[in-house]
Amino acid sequence: MFNKRTKIKALLASEQTGIDVTVMGWVRSFRNSQFIALNDGSTNNNIQVVAELGLLDEATLKRINPGASLKVTGQLIESPAKGQKVEIKATSVEILGDCDPEKYPLQLKNRPTLEFLREKAHLRFRTSTFGAIFRVRHSLAFAVHKFFNDKGFLYLHTPIITSSDAEGAGEMFRVTTLPFDKTPRKEDGTVDFAEDFFGKSTNLTVSGQLEGELGATAFSDIYTFGPTFRAENSNTTRHLAEFWMIEPEMAFYDIQDNMDLAEEFIRYIIKYAMDNNREDLEFLAQRLVEEEKALPADKRSELGLIEKLEFVVNNGFERITYTEAIDILLQSPAYKKKKFQYPVSWGIDLQSEHERYLVEKHFKKPVIVTGYPKAIKAFYMRQNDDGKTVAAMDILAPGIGEIVGGSQREERLEKLEQRMAEMNIPTHEMDWYLDTRRFGTVPHAGFGLGFERMVLFVTGMTNIRDVIAFARTPKNCEF
RNA sequence: UCCUCAGUAGCUCAGUUGGUUAGAGCAUCUGACUGUUAAUCAGAGGGUCUCCCGUUCAAGUCGGGACUGAGGAGCCA
């Protein structure tokens with residue numbers, strides 16, 4: 001019976017009027033004891049339900065409060081008033097769930113801050129801003145699968161629990177069933193993980209890449225899209241302890257192929273959201289304009305959100321080498337005026353201020369930087385012939401920073417083992433990985449894209465906690 | 001983890017040099033009105049000034065500490 005209702009998005013787009021409809025949703029506002037703005041999350045727009053005076057008794061009227069859930073039946077008619085094309089002339093209004101206005105934290109007329117709503121993450125979905133964000137997020141996620149599926153990639157589920165501790169991608173969350181009060185110890189006093197559930201030390205994954213490479217060297221092209229965990233004590237607008245990462249891995253790809261794919265991929269999913277979430281993006285664009293009114297003119301975005309996205313979809317990314325990036329920085333007015341806090345020279349890891357300068361001041365568009373010094377990059381990246389650099393690539397996005405990190409992988413067993421030895425990575429625990437190089441090794445490449453950072457970029461939001469449903473950050477694991 | 005800033009009504013904020021009973025808008029409640037668009041109008045209620053310790057005749061206000069949050073940095077996606 002409940003599935004006979006029509007979603008509000010469909011009703012608002014309806015060409016037909018005069019038809020009988022059933023609609024269900026939550027009250028956004030109730031004006032003049034007659035006009036109910038009803039929302040069901042299918043769109044940011046509400047449908048106006050008109051309950052003519054006399055239709056409902058006093059007791060029912062008092063229960064139509066913001067947040068209450070209703071089942072309404074009536075006729076979809078052309079609205080006689082301005083403000084909406086169609087409305088529902090109700091013949092019955094049934095209250096499915098009451099909402100006590102004294103306790104309900106969301107009130108349309110209030111302007112709760114994003115910080116306040118973070119503490120009400122279970123209710124913030126009902127606000128216009130978060131409704132728009134999460135519909136856009138959904139579209140981006142769907143577009144990820146569509147993009148790779150259309151290209152013949154295989155969606156590989158890499159493990160959440162791993163025993164590998166050689167990935168070097170930050171602090172890990174330990175997974176254990178050992179008791180804290182009487183931890184089994186070995187004779188030397190260290191914890192005896194042989195007693196643990198898996199018989200060894202295990203952690204939540206920080207990357208599916210190494211397992212992804214096993215898939216790519218059999219299926220040719222794979223991608224992963226799953227939760228990823230980092231136990232870093234990072235308190236920033238762009239880090240989460242639990243986030244979603246997309247990691248494609250492709251056999252018979254070199255670094256150029258890798259860049260081409262990453263760029264095509266990013267432009268594709270943005271385009272998909274623009275084609276399918278126009279209203280939500282326009283709402284978010286307007287929100288950004290309002291928010292930036294409080295900022296001094298020189299701190300505001302040069303382009304509106306929609307214009308920024310169109311620009312990225314229609315223009316290629318800038319591609320430079322690390323060495324070129326260093327040269328640009330050394331030649332920059334900012335460097336000459338000593339505006340950088342950190343020194344610039346070949347060999348340094350680019351700091352946030354350097355990346356920002358390149359992306360936001362110099363190129364004013366996404367930039368792909370390749371050919372980093374091998375000393376500052378991971379062991380699995382392919383060594384270039386110059387002996388100094390590796391075939392790494394980072395994609396830097398305006399306002400976000402690093403959105404993609406990737407590389408061509410070192411497929412030559414000897415070079416890989418040599419590098420692992422130099423970086424003190426125990427090869428004996430990595431035989432399963434090295435086997436890909438022992439048995440029919442191939443040139444291959446891949447990258448990781450932080451999904452929430454992508455959502456930040458597309459929605460114009462500035463804090464990563466506002467684009468994930470239930471944010472996990474240091475000292476915060478509610479809901 | 002480091003630096004800076006903040007915490008006052010349900011929400012957003014003001015609160016002077018330390019000084020009597022702590023202020024506004026919105027929300028809520030009561031009433032009026034009824035084709036409204038964040039409806040409007042009138043009235044009412046609503047406070048452990050985050051917590052602890054200290055200075056002082058006197059602390060929302062000054063000092064120390066804790067907790068929480070925000071922004072920036074590092075780590076990174």
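Since the structure is predicted, the reported quantities are computational estimates derived from the model, not experimental observations. Order of the sequence lines sets the chain letters (A, B, ...), proteins ahead of strands, with each chain counted from 1.
Computed from coordinates, the A:H354 NE2 to B:C75 P distance equals 11 Å when rounded to whole Å. Protein atom CG of A:L53 is 13 Å distant from nucleotide atom P of B:U36, rounded to whole Å. Taking atom CG of residue A:L449 and atom P of nucleotide B:A77, one finds them 11 Å apart after rounding to whole Å. Distance CD (A:Q107) to P (B:U12): 13 Å, rounded to an integer number of Å. Straight-line distance from the CD1 atom of A:I64 to the P atom of B:U28: 15 Å, rounded to whole Å. Rounded to an integer number of Å, the gap from A:F116 CZ to B:C26 C1' is 13 Å. Between the CG atom of A:L350 and the P atom of B:C75 there is a distance of 11 Å, given to the nearest Å. Between A:E452 atom CD and B:C76 atom P the separation is 19 Å, expressed in whole Å.
Under the 30°/60° scheme for interplanar angles, the aromatic rings of A:F134 and A:F125 are found to stand perpendicular. Between A:H122 and A:F479, the angle of the ring planes lies from 30° to 60°, which puts this pair in the tilted group.
Helical stems of RNA chain B (runs of at least 3 Watson-Crick or G-U pairs, donor-acceptor distances under 3.5 Å) are listed by first residue: B:1-7 with B:67-73, B:10-13 with B:23-26, B:28-32 with B:40-44, B:50-54 with B:62-66.
Residues meeting the side chain to side chain contact (heavy atoms under 4.5 Å, CB included) test with A:K85, sequence neighbours left out: none. Applying the ring-ring contact (aromatic ring centres under 6.0 Å, His included) rule to A:Y357 yields the partners A:F340; only residues at least two apart in sequence or on another chain are considered. By the side chain to side chain contact (heavy atoms under 4.5 Å, CB included) test, A:Q84 pairs with A:Q48, A:S79, A:A81, A:E87, sequence neighbours left out. In terms of the salt bridge (charged side-chain N to carboxylate O under 4.0 Å, His left out) criterion, residue partners of A:E264 (sequence neighbours excluded) are, by chain and number, A:K151.
A gap of 37 Å separates the P atoms of B:G15 and B:G31, to the nearest Å. If you take atom P in B:U61 and the same atom in B:G7, they sit 11 Å apart, rounded to whole Å. When the C1' atom is compared between B:U17 and B:G60, the two are found 15 Å apart, to the nearest whole Å.
Sequence order on RNA chain B of the closest nucleotides to A:P101 and A:P80 puts A:P101 first from the 5' end.
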Throw together a table of side-chain donor-acceptor distances under 3.5 angstrom for residues 55-69 of chain A, partners on residues two or more places apart or in other chains.
from	atom 1	to	atom 2	distance (Å)
A:D57	OD1	A:A59	N	3.3
A:D57	OD1	A:T60	N	2.8
A:D57	OD1	A:T60	OG1	2.7
A:R63	NE	A:D98	OD1	2.8
A:R63	NE	A:D98	OD2	3.4
A:R63	NH2	A:D98	OD2	3.0
A:N65	ND2	A:K62	O	3.1
A:S69	OG	A:G97	N	2.9

Return all side-chain donor-acceptor pairs below 3.5 angstrom for residues 367-374 of chain A, not counting sequence neighbours, or 'none' if the list is empty.
from	atom 1	to	atom 2	distance (Å)
A:T370	OG1	A:I320	O	3.4
A:Y372	OH	A:D394	OD2	3.4

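Stacking between A:F451 and B:A77 is absent: the aromatic ring centre is not both under 5.5 angstrom from the base six-membered ring centre and within 30 degrees in plane angle.
When heavy atoms are screened at a 4.0 angstrom cut-off, A:L240 is found touching base atoms of the nucleic acid. Counting non-hydrogen atoms under 4.0 angstrom, A:S79 reaches a base of the nucleic acid.
Applying the salt bridge (charged side-chain N to carboxylate O under 4.0 Å, His left out) test to residues at least two apart or on different chains, the pairs with a partner in residues 279-289 of chain A are A:R135-A:D280, A:R278-A:E282, A:R287-A:E291. Residue pairs that meet the salt bridge (charged side-chain N to carboxylate O under 4.0 Å, His left out) test with at least one member in residues 28-55 of chain A, sequence neighbours left out, are A:R5-A:D40.
You'll find the ring centres of A:Y155 and A:F225 outside the 6.0 Å limit. In this structure, A:F35 has its ring center at least 6.0 angstrom away from the ring center of A:F30.
Between A:R31 and B:U36 there is no side-chain polar atom (N or O) within less than 4.0 angstrom of OP1 or OP2. Of the side-chain N and O atoms in A:S29, none sit less than 4.0 angstrom from OP1 or OP2 of B:A38.
Geometric assessment of A:R124 against the ring of A:F130 yields a positive cation-pi assignment under the 6.0 Å and 45° thresholds.
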Sub-3.5 Å pairs of nitrogen or oxygen atoms, protein against nucleotides 40-42 of chain B:
from	atom 1	to	atom 2	distance (Å)
B:U40	OP2	A:K109	NZ	2.5

What does the list of N/O pairs under 3.5 Å between the protein and nucleotides 47-52 of chain B look like, with a distance for each?
none

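Of the possible polar contacts, one joining the A:S42 side chain to the A:K9 backbone as a donor-acceptor pair under 3.5 Å is found.
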Inset, instruction - Sugar-phosphate means primed atoms, P, OP1 and OP2; the rest is base. With that split, encode nucleotides 65-73 of chain B 5' to 3' as B, S or - using protein heavy atoms under 4.0 Å. - result: ---SSSSBB
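Listed nucleotides B:U28, B:C26, B:G35 differ in distance to A:N110; the shortest reach to its side chain belongs to B:C26.
The CE atom of A:M259 sits 12.5 Å away from the CZ atom of A:F317 when rounded to the nearest 0.5 Å.
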